[in-house]
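Report on the structure given below.
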Amino acid sequence: MDLTQLRCFVAVAEELHFGRAARRLDMLPSALGRHIRRLEDSAGMPLLLRTTRNVTLSQDGAALLDDVRALLAQADVLDRQFRDRGRRRSRILRVGAIDTAAAGLVPDLLHDFREQRASVTVQLVEDKTVRLLPRLLSGRLDLAFVRPPENLDKRIELLELFHETPVVALPSRHGLAKRRHLTVAALLGQPLIVPDRGSRPHSHDLTMKLFERAGLKPTIAQVAEEKQTIVNLVAAKLGLAIVPRWASRFAVSGVRFIPLSQKDTTAPKLLPLAAAWLRGSRDPLRDEMITILRLRLSKYAAKA
């Protein structure tokens, strides 16, 4: 029996669905199933009853669930205590950020933070939300700037910041490149490049929802994993893309970024950005950065 197996058991017990539990834990359903089987082998009893259509707790599983939750809570407290002791001896702040936040928000925030804490070393990790949140939970990050997930782990504290502004990335010699603003209707029939929804649901849904609200259907020409790759594909004239305004800081030649018409006032509300950290944890350096973030939030939001 180990803590990973117990966390898997609690996730499945609460979701009653292996797929949803696997997404919540950022692991493959097959790996989740192996952990559950090993736990049941160690316990010598079935904890979950599975059929082809549903998952339920066995009588033994239901009896053990509260005890397992209590045990995991105690383990989390002990884990935080060890990390806090190590952090008090360290002058390192580990910050994670999604790509556009790393390009736009983090440089300004670090500049302001170092005016007060010049001696602190900030380690920056750039990745997707689905990979940053597990690092936060495991103690490998102290603070992360992410898209708010559909299902947030209760151990994570989330501070919603603002919504990034969507713009259209298109080749600089494209027929629409001379316009000062673009509407969604102007993009009808244009080949579009979008991220994969599995790894970047907000960025993928940005294009789909803008077209849906306009009563139109987008022409998807290409799916790409990273926004940097998407902008490079635009530069190669393989299509257009609706991206956050901070993507313009990727400095790719041959691409122009044009604002979407603000007639649709709901458009800027599709790209939420939030700060996340472990609930109940103590970290003076992290808390100082959050304080600066709160005080200067309107300045940062104006550039997003």
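No experiment lies behind these values; they were computed from the predicted model shown.
For Glu14, the side chain to side chain donor-acceptor pair (under 3.5 Å) partners are Arg24, Arg69, not counting sequence neighbours. Applying the side-chain contact (heavy atoms from CB on, under 4.5 Å) test to Gln59 and every residue at least two apart in sequence or in another chain returns nothing. Arg20 pairs by the salt bridge (Lys or Arg N to Asp or Glu O under 4.0 Å) definition with Glu15, not counting sequence neighbours. Annotation: side chain to side chain donor-acceptor pair (under 3.5 Å) contacts of Thr207 (sequence neighbours excluded): none. Applying the side-chain contact (heavy atoms from CB on, under 4.5 Å) criterion to Thr51, with sequence neighbours excluded, gives Arg53, Asn54. Every residue two or more places apart in sequence or in another chain that forms a side chain to side chain donor-acceptor pair (under 3.5 Å) with Ser119 is listed here: Arg91. A search for salt bridge (Lys or Arg N to Asp or Glu O under 4.0 Å) contacts involving Glu150 returns Arg197, not counting sequence neighbours. Residues passing the salt bridge (Lys or Arg N to Asp or Glu O under 4.0 Å) test with Arg23, sequence neighbours excluded: none. Arg279 meets the salt bridge (Lys or Arg N to Asp or Glu O under 4.0 Å) test with Glu157; sequence neighbours excluded. Residues meeting the side chain to side chain donor-acceptor pair (under 3.5 Å) test with Asp99, sequence neighbours left out: Arg200, Lys227.
Between the side chain of Asp205 and the backbone N or O of Met208 there is no donor-acceptor pair closer than 3.5 Å. Between the Asp79 side chain and the Ala75 main chain, no donor and acceptor come within less than 3.5 Å of each other. Within the 3.5 Å criterion, the main-chain N or O of Thr183 finds no donor-acceptor partner in the side chain of Ser261.
Among Arg245, Arg147, Lys303, the single residue meeting the salt bridge (Lys or Arg N to Asp or Glu O under 4.0 Å) criterion with Glu164 is Arg147.
Crowding of Glu160 atom CD: a count of heavy atoms from other residues, nucleotides or ligands under 6.0 Å not exceeding 12. For Lys299, the NZ atom is densely surrounded, since the number of other residues' heavy atoms within 6.0 Å is greater than 12.
Using a 4.5 Å heavy-atom threshold, the side chains of Phe145 and Val95 count as touching.
Of all non-hydrogen atoms in Gln222 and Leu233, the two that sit nearest each other are CG-CD1, 3.9 Å. Nearest heavy atoms, Pro259 versus Arg180: CD-O, 3.4 Å. Across Leu16 and Val55, no two heavy atoms sit closer than the pair CD2-O, 3.4 Å.
For residues 120-129, the pairs satisfying side chain to side chain donor-acceptor pair (under 3.5 Å) are Lys128-Glu225, Lys128-Glu226, with sequence neighbours left out.
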Would you list the atom pairs, donor with acceptor, under 3.5 Å between side chains in residues 184-195 and any protein atom, with sequence neighbours excluded?
residue: Gln190; atom: OE1; partner: His174; partner atom: NE2; Å: 3.1

